[in-house]
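Both backbone and side-chain heavy atoms feed into the values below; hydrogens, waters and symmetry mates do not. Here the structure is a predicted model, which means the values were calculated and not measured. Within every chain, numbering begins at 1; the chains are lettered A, B, ... in the order of the sequence lines, protein sequences first and strands thereafter.
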There are 2 protein chains.
Amino acid sequence: MSKKGVSASKQATTSKVTIVDVAEKAGVSLGTVSRVINNDIHVATETRERVLAVTKELGYVANRQARSLAGGKTNTIGVIVRDLGTGYIGEIIRGIDSELNLSGVDLVLYTTHRMVSKEASYVASLAQGMVDGLLLVLPRSPVDYIGTLMEHNFPFVLIDHQGTGTDCPAVGATNWQGAYNATEYLIKMGHQRIGFITGSMDLGCAEDRLQGYRSALRTHHITEDAELIYEGDFLQTDGYTGASALLDLPNPPTAIFASNDVMAMGVMDAVRNRGLRVPNDISVIGFDNIPQSAMVFPTLTTVQQPLEQMGRVATQMLLGILKTPEKESGRIELPTELLVRNSTSAPIDRAG
Amino acid sequence: MSKKGVSASKQATTSKVTIVDVAEKAGVSLGTVSRVINNDIHVATETRERVLAVTKELGYVANRQARSLAGGKTNTIGVIVRDLGTGYIGEIIRGIDSELNLSGVDLVLYTTHRMVSKEASYVASLAQGMVDGLLLVLPRSPVDYIGTLMEHNFPFVLIDHQGTGTDCPAVGATNWQGAYNATEYLIKMGHQRIGFITGSMDLGCAEDRLQGYRSALRTHHITEDAELIYEGDFLQTDGYTGASALLDLPNPPTAIFASNDVMAMGVMDAVRNRGLRVPNDISVIGFDNIPQSAMVFPTLTTVQQPLEQMGRVATQMLLGILKTPEKESGRIELPTELLVRNSTSAPIDRAG
DNA sequence: CAATAATTTGGAAACGCTTCCAATTTTAGC
DNA sequence: GCTAAAATTGGAAGCGTTTCCAAATTATTG
């Protein structure tokens, strides 16, 4: 008593209502209350309603920790992201969030701050039972731990990553097709020299976008010019320096395709900084469609990645795996879409 | 046995090492192992080392759920944020994260997606025992629940919010001073007509920044012109429309001070969109110093808010409260600093 | 050297819930 | 109307810790 008295005073909340209180008040056993809470079929309708009423009356809230301990699952999933700086991740999390809300599962967030080493260590410790499953957003070096994860049969879904070789649950976007379409759009508008700024080339999506660009050129019989390809790292400054380099070329491009929107912003800065205009002098096109893209001026033509939807779908997949682990689930590709806005136009005829 | 066999096969991880296994192997009681793990003083050095060795050998990892259940605390804190779209929140979380890493406490993230209603409901359910404490980043309507929180004596810290009237743990920045300094800097450079774009006026920080701007004008005997103040909502588009409106004035400003960096980006867009140049024709100044500010061109002069540090300090405060609840902690204000970059210069002499 | 105090350890009772087994009640079948 | 099957419920054994109490061991003191 005295012992409990002390800890109770330190207890922040007054919520001391347990399943036992409910059982007592409802005149049933504790097991029955548990069944009601967990929507077990084996409980009479009349009993269920009575229990539910008492539950509400007493303001009973299940103790997560106890449930986890007894039930063997945490009702929590871990989300590992690289950083939170750009709108990109935020959109994905929005999708994850909304899906999780419906299922009463919680989200524990881990940020690696672009440090590769942290990725593996987070994965290791989280898989140790702290969470039921893992969502890996834009993982950098999944090879390090995917093997372990699969070996231990630990549920996880990759978001926006491809090309591990092994076939594992993942959701991505049609990066190749998106880049192809965007490039083709520029070509059909009359652009012949199109600069390209890549993303982090250790990421599958970056590679795919580059290949899409290349294929489009090839299809339209435009010889690829290595000078027009600048390797970036998905950061705004890369867009700026890349565009600057491209514009310094003896024969500069009339359009620049950046592998993500953030770099495209940098490109626009660089273009304007030289007194050129977007899109009049240089067309600019991005990839992702982060919220900001519609808010800058000129608004950015970009390849929309269904970021929120990707988060949502990945969450559904993970929840599905959690429910029925035996059911195999592979890679899902969500379609990208070219969003034409105001940063692109036909090239001016310099020859004329 | 058969029962465990089944659930074991469903168990994802192989980590079945419990405190009991360690105790057995080390030849001590389970209580002793617990003491070692928790750094209890009452354990012989020799015993401690032996236990520690076994712990490592067996790869023992404490079960969080069980600890929480038995110990009465979750070792988790909840972080409630508005959104993740801008770098602003990301920086703060980075600070929280690094501080939390050191203490082995976990972070459960809740995003309200700018929906005020969600704030209160999250707070309510989290305070119900799911987390030990709460970090509220840029809360919108804290009045709704701060009372309840304090009543129940539930640990929490407000980040970047002021003016609730009640004195509660909070960390903020010297918004007033920052705005004052920025405005004064512009004035001293020769600007007389300075446009101002406010943030969400239901947020204390936005109000403070406006007042800082006003005070600086007053100090330097510049009559305030209501036309030069445009009410925004911290979004990029507000910067654009606000700047457009200001530039349309018969007597437009020579400098524009946006209440945050994101809006300042919008301002720069608007300025350039009219064929004017930053900073030659119009000086632009922001507030926050999000990472992007150093990456745009021209780089943005801004008032640096120590965002990461705010996250860090707030976390320390919360952890402190968790440890010694009786110790009162009030509001902490971290200093802001004017960061002069390339988006500001002396005004051109139009009269001349 | 006995007696007392201090240190170290073992043991067991929670923590709040899930889940299995068995008992009880109800329903169906003939 | 009686038996077998199905539905419903109660009871209890964990889940892996923490923490309190008491026992055992060691050190201290007069």
Side-chain angles (χ1 to χ4, degrees), chain A residues 1-8 10-11 13 15-24 26-51 55 58 60-75 104 128-130 132, chain B residues 1-8 10-11 13 15-24 26-51 55 58 60-75 104 128-130 132:
Chain A
M1 190 175 88
S2 74
K3 156 178 126 194
K4 278 301 97 191
V6 170
S7 80
K10 279 201 172 184
Q11 272 282 351
T13 61
S15 84
K16 287 230 132 300
V17 187
T18 79
I19 207 173
V20 178
D21 301 323
V22 176
E24 233 162 52
V28 295
S29 84
L30 157 177
T32 304
V33 177
S34 176
R35 266 168 238 131
V36 171
I37 294 167
N38 294 288
N39 283 314
D40 192 304
I41 335 106
H42 301 294
V43 52
T45 320
E46 190 253 349
T47 313
R48 151 164 291 126
E49 274 165 7
R50 186 151 38 93
V51 172
T55 286
L58 259 40
Y60 167 76
V61 178
N63 177 308
R64 249 197 155 75
Q65 278 70 44
R67 282 188 109 166
S68 301
L69 226 209
K73 46 208 214 68
T74 66
N75 293 310
Q128 209 97 33
M130 280 186 39
D132 293 337
Chain B
M1 190 176 87
S2 73
K3 156 179 127 195
K4 280 300 95 191
V6 170
S7 81
K10 279 201 172 184
Q11 273 281 349
T13 63
S15 84
K16 287 231 133 297
V17 186
T18 79
I19 207 173
V20 179
D21 301 322
V22 176
E24 235 162 51
V28 296
S29 85
L30 148 184
T32 304
V33 177
S34 176
R35 266 168 237 131
V36 171
I37 294 168
N38 293 288
N39 283 314
D40 192 302
I41 335 107
H42 301 294
V43 52
T45 321
E46 191 254 349
T47 313
R48 152 163 290 125
E49 274 165 8
R50 185 153 38 94
V51 171
T55 287
L58 259 41
Y60 167 76
V61 178
N63 177 308
R64 253 201 152 72
Q65 278 70 45
R67 282 188 112 164
S68 301
L69 225 208
K73 47 210 214 62
T74 65
N75 293 310
Q128 210 98 32
M130 280 187 39
D132 294 336

Next on the checklist: Counting only heavy atoms and a strict 4.0 angstrom limit, can you tell me which residues of residues 38-49 of chain B come near DNA chain D?
Outcome noted: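 B:Asn38, in order of number.
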Pairs flagged by salt bridge (Lys or Arg N to Asp or Glu O under 4.0 Å) wherever residues 31-45 of chain A is involved - sequence neighbours left out: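 Qualifying pairs, neighbours excluded: none.
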* To do: Please collect all salt bridge (Lys or Arg N to Asp or Glu O under 4.0 Å) contacts where either partner lies in residues 62-71 of chain B, sequence neighbours excluded, each pair once.
  =>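 Listed once each, the pairs are B:Arg64-B:Asp106.
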Using five pairs at either end of the helix from C:dC1-D:dG30 to C:dC30-D:dG1, determine the angle between the two local helix axes and round it to 10 degrees.
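Answer for the end axes of this duplex: 30°.
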All side chain to side chain contact (heavy atoms under 4.5 Å, CB included) counterparts of [X], not counting sequence neighbours:
X: B:Thr47; value: B:Val28, B:Thr32, B:Val43, B:Ala44, B:Arg50, B:Val51
X: A:Ile19; value: A:Leu30, A:Val33, A:Ser34, A:Ile37, A:Tyr60
X: A:Ser68; value: A:Thr74, B:Gln65

Between [N] atom [atom2] and [X] atom [atom1], what is the distance in whole Å?
X: B:Leu69; N: C:dT18; atom1: CG; atom2: P; value: 11 Å
X: B:Gln65; N: C:dT18; atom1: CD; atom2: C1'; value: 14 Å
X: A:Asn63; N: D:dT17; atom1: CG; atom2: P; value: 17 Å
X: A:Ile19; N: C:dT19; atom1: CD1; atom2: C1'; value: 11 Å
X: A:Asn75; N: C:dC17; atom1: CG; atom2: P; value: 13 Å
X: A:Asp21; N: C:dC17; atom1: CG; atom2: C1'; value: 13 Å

| task | Examine D:dG10: is either OP1 or OP2 under 4.0 Å from a nitrogen or oxygen in the side chain of A:Ser29? Give yes or no. | result |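 Indeed, a polar side-chain atom of A:Ser29 lies that close.
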**Prompt:** Base, sugar-phosphate alone, or nothing: which one does A:Val28 contact when heavy atoms must sit under 4.0 Å apart?
**Reply:**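 Counting heavy atoms under 4.0 Å across all strands, the contact made by A:Val28 is with sugar-phosphate only.
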Worksheet item: Which value, rounded to the nearest 0.5 Å, describes the distance between B:Thr18 atom OG1 and B:Glu24 atom CD?
Response: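 Interatomic distance, B:Thr18 OG1 to B:Glu24 CD, rounded to 0.5 Å: 8.5 Å.
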I'd like a table of atom pairs between the protein and nucleotides 26-28 of chain D - only N or O on both sides, under 3.5 Å - with the distance next to each one.
none

Contact residues, residues 30-37 of chain A to DNA chain C [heavy atom, < 4.0 Å]: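 Under 4.0 Å from DNA chain C: A:Leu30, A:Gly31, A:Ser34, A:Arg35.
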